[in-house]
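Working notes, structure below.
For the single chain, residues carry numbers from 1 onward in sequence order. The structure presented is a predicted model; accordingly, all values stated were derived computationally and were not measured.
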Amino acid sequence: MTDDERDRPTVHALLADGTTVCIRSPRPGDHQQLRGLYEEMSPENLRLRFFAASRRSADLAADRAAAPARPGYRALLAETHGRVIGLAEYETVDDPETAEMSIAVADGLHHRGVGTLLVEHLVSAARADGVTTFTADALSENHEVLRLFTDLGLRAGRRFEGPEVRCTIALDEDDTYLAAVEARGRAADVVSLEPLLRPEAVAVVGAGRRPGSVGRALLHHLHAGGFTRRLFAVNPHVSSILGVPSYSSVSALPKVPDLAVLATPADALPAMAEECGKAGVRALLVVTDGLSPDQAEALMTACRTYGMRLVGPNCLGISNTDPKIHLDATFAAEHPRPGTAGIAVQSGGVGIALLDGLSRLGIGVSSFVSLGDKYDVSGNDMLQWWESDGCTDLALLHLESFGNPRAFSRTARRVTRRMPVLTVDAGRTEAGRRAAASHTAAAATRTMTRQALFAQAGITATRSVGELMETAALLHAQPLPTGTRVAIVTNAGGAGVLAADACAEAGLFLPAPTAELIDDLLAALPEGAAAGNPVDATAAVTEDQLRDCVDRLLRYPGIDAVLVALVPTAVAVATGDYLVRALTDGPGQRERPVAVVRLEQDLPVKLLPAREGGAIPSYAEPVAAARALAHAARRTAWLQRPARSIPELDEVDPARAQAVAETYLATHTDGGWLDPRTCAELLACYGIPQLPWAWAWAETEDDAVIAAERLRGADGRVVMKAQWPGLVHKTEQHAVHLDIEGDSQVRAAFRDFETRFAGLMTGVVVQPLAARGTELFAGVTQDDVFGPLVLFGLGGTATEVLADHAARLAPLTDHDVHDLVTAPRCAPLLLGTHGSRPADLQGLEQLLLRLSRMASDLPQLAEADFNPVLATPAAVTVLDARVRLLPRRAQDPYLRRLR
């Protein structure tokens, strides 16, 4: 281990009881603390650790951990409040892929997850160092450490050797291990949020006597909202504010608050956070904005040092409507209505809109968190809270940024199986595509990346707050449709046409009724009705007739949902409100969803209570109802999918690929675009099909002639492409000659390049002329936040003009790769149209899976650009490839750590 490797970033993480600990590499100055870790152990624990109650062994262990860095050895310690409470270490001996591992935890701190957390971090560090297996010796009576190894989620074996047990732990990162890490993280996260959302005592710091101040508004909301537990104000100038007792400082409070609400000026925040931490406060809500970088750093340092969770700064506040607590620490105009929807937003304005909208609809709120600048508590934290709080059945998010998207995606995929998770896809109006050196980078906008995240996680992404509310109303009040087949019923033909157009534009299908269904409907409807789709019930339809018609449609197996479009008419018995009773006099929730459109409605969406319980959503616009039904149908399709998996690939050599990357970066320390031969070698490590252009590299005219002679196909023609470092868009540079036939044309093409690109060109690539087929594009770009993003779509020279691309985050699952192939508008060309044979779809999926695996294995891979990729019925082949590497280290996105 080098000095650079030893100075890995210090991270903070949560123990099983919600306590924050610091995980870092030991330094020479930690020697005394490390000795103390062992000196404070009981003789029995020393014996279990060293197989003998020897203080000499303890001294040697401290010496080893605090010694200068050396190859093959790594140690990580856990500390809290400046005290070392645990140490995990490994050392390789003969085999660099196998290491002996040991763990020690301070007396009195067992069963809090210290050892497990340290081992998780040690496993991640070992993988990065190329270690694949841990071995560990333990006494057979040391049940705690043996259970720790067994419960990690890694494949572990045991061999008994007398009183000792030899444990072998494979460090493979599979879904079983990730799920175990996730479960431990979720439990710790939820416990750490208890002081924030279920505090026993709250103190508002910065509440003044002046009406209109934020601190006073927060205190008023807490007090007037009926907070059921202890409430204090901190203000040295008064003894009470709004009837709430006030004290001079946090340390002067009669009870240490779990939650401190800070509404102080920015320059006072660091000192106040420090005071709260020393007093034992466990969570902070900071509404103050305008922090300088130094103030922000000091605030976070205090939170991490003293183990306080933080919401904010620059936020609207938090709320928990549980009647046992009635926590409303916001400065919104009204108290939120209790209900079952959880809300997490970064924008205070959006938060107010959602609170008001959910209260008006009657859905109400279970808990609300305005994340603000999101220094600590995030959307991922809130998803885990709602998953376990026992009262939330609908999650609404408005996130402008993601701290750890891959961890968020795993959490969201799990939570969306239990409840709908809705979001507003904020920031879609990115000004143009990024100026980039490749087709992949140009296509991979943040919008596309974010949409890929939402699609893979099963999150319902809407385009506005209004659409979010419209969809939430349907998902809350109605069952999910079983598919996209919708029947429309109307009392006015024009309204039915509008509804039909809206459904078609939303991707819903309006099936034509069978003859049997037509007869059935006409028997229920007044004379003159038309039983098509839409069903025109006419203005003369009565309440009973409308109800009967809708019920008959809902019983028909070819219909997944019914949309009822009503307008007021001059017929006395057929006003819109009167007809709505046909739906609300019965149950509000039937076996299939029903939605109403009333063009005269004053609000965009309402929930109409039904006599027998439940409610029916009513929309002012057919487009809104259709969008909501389409979102619900997509959720159904996502839930019906079987469990996803990452397919196994043959002919993959990641070790060789890593060696190719390291060799290139050893001589190109700033990274760069690979030359054709190195690029071909890297692709070959993953079995990516390509024309044999890597062996047709020519630096002279004569070499080009020889290469062309070797590569000519049956028609005798070849393709020549100029090459120099950094060249990506060959067609735009006119650096390609097609249909070259005979030696004289080869020489002419080479001389043309040599003349036009003098001083630039390093050589040419000669390829056989490819067969006819569909030209596609595939690529990957490494996003600093989201990780590798795989893109696919129409290729050739029109790839950026038409922008027919789809994207998914790596690693691709079987579902992801299917979605990638079928999502672009060019997909019908691949499936076979007008009698043409379909392309090699299995080969195309294999190409994308191998590209995904390459990007996942190699953090150094910044971009890969395959354009064109030729798809024919017989094969899929990369005709041109560009790969850019950068000197990067792997990051473990699933390692438990706080932001």
Side-chain angles (χ1 to χ4, degrees), residues 193-235 238 240-247 253-255 257-264 281-288 309 311-312 315-345 348-372 377 382 385-386 389-392 394 396:
L193 295 177
E194 285 279 344
L196 181 73
L197 290 165
R198 291 181 183 142
E200 292 295 327
V202 175
V204 179
V205 182
R209 291 170 291 185
R210 177 175 57 84
S213 70
V214 171
R216 186 181 177 94
L218 286 162
L219 184 65
H220 170 75
H221 251 54
L222 279 161
H223 185 52
F227 181 56
T228 60
R229 298 169 184 179
R230 301 288 297 276
L231 179 61
F232 309 109
V234 175
N235 187 323
V238 291
S240 70
I241 304 172
L242 299 173
V244 177
S246 179
Y247 297 83
L253 293 172
K255 177 180 176 63
D258 293 310
L259 171 64
V261 181
L262 305 187
T264 61
V281 173
R282 299 171 62 199
L284 298 182
L285 167 62
V286 178
V287 299
T288 308
R309 297 306 307 265
V311 167
C315 68
L316 179 67
I318 62 175
S319 179
N320 183 351
T321 64
D322 184 339
K324 296 178 182 177
I325 184 169
H326 283 301
L327 173 74
D328 186 9
T330 70
F331 50 95
E334 303 292 338
H335 298 295
R337 175 173 177 163
T340 60
I343 304 175
V345 296
V350 172
I352 290 173
L354 293 179
L355 287 171
D356 291 347
L358 290 171
S359 295
R360 177 179 55 77
L361 285 171
I363 298 174
V365 176
S366 58
S367 54
F368 165 84
V369 175
S370 171
L371 301 168
V377 174
M382 294 313 303
W385 175 267
W386 295 326
D389 69 0
C391 59
T392 301
L394 183 67
L396 277 63

[X] versus [Y], closest heavy-atom pair with distance:
X    : Y    : answer
G342 : T392 : N-CG2, 3.6 Å
A233 : V244 : N-CG1, 3.8 Å
G226 : H326 : O-CB, 3.3 Å
I352 : A332 : CG1-CB, 4.5 Å
T228 : P323 : CG2-O, 4.1 Å
L354 : V345 : CD1-CG1, 3.8 Å

Kindly indicate whether the side chain of [X], heavy atoms from C-beta on, has any atom under 4.5 Å from the side chain of [Y].
X    : Y    : result
L219 : L231 : yes
I325 : F227 : yes
F368 : T321 : no
C315 : L285 : yes
I318 : L259 : yes
T330 : S370 : no
S366 : D389 : yes

Task: Geometric class of the Y247/F232 ring pair [parallel <30°, tilted 30-60°, perpendicular >60°] - done: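 Ring orientation, 0 to 90° scale: perpendicular.
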
Starting at [atom1] of [X], measure out to [atom2] of [Y] and round the result to the nearest 0.5 Å.
X    : Y    : atom1 : atom2 : result
R216 : L242 : CZ    : CG    : 4.0 Å
L193 : R282 : CG    : CZ    : 10.5 Å
D258 : L284 : CG    : CG    : 11.5 Å
H335 : L222 : NE2   : CG    : 9.0 Å
I343 : L358 : CD1   : CG    : 4.5 Å
L396 : M382 : CG    : CE    : 12.0 Å

Task: L262, T264, L253 screened by side chain to side chain contact (heavy atoms under 4.5 Å, CB included) with V234, the one that passes - done: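 The side chain to side chain contact (heavy atoms under 4.5 Å, CB included) with V234 is passed solely by L253 among L262, T264, L253.
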
With no hydrogens and no angle check, is any side-chain donor or acceptor of [X] less than 3.5 Å from a backbone partner on [Y]?
X    : Y    : answer
D328 : H221 : no
R229 : A201 : no
N320 : L197 : yes

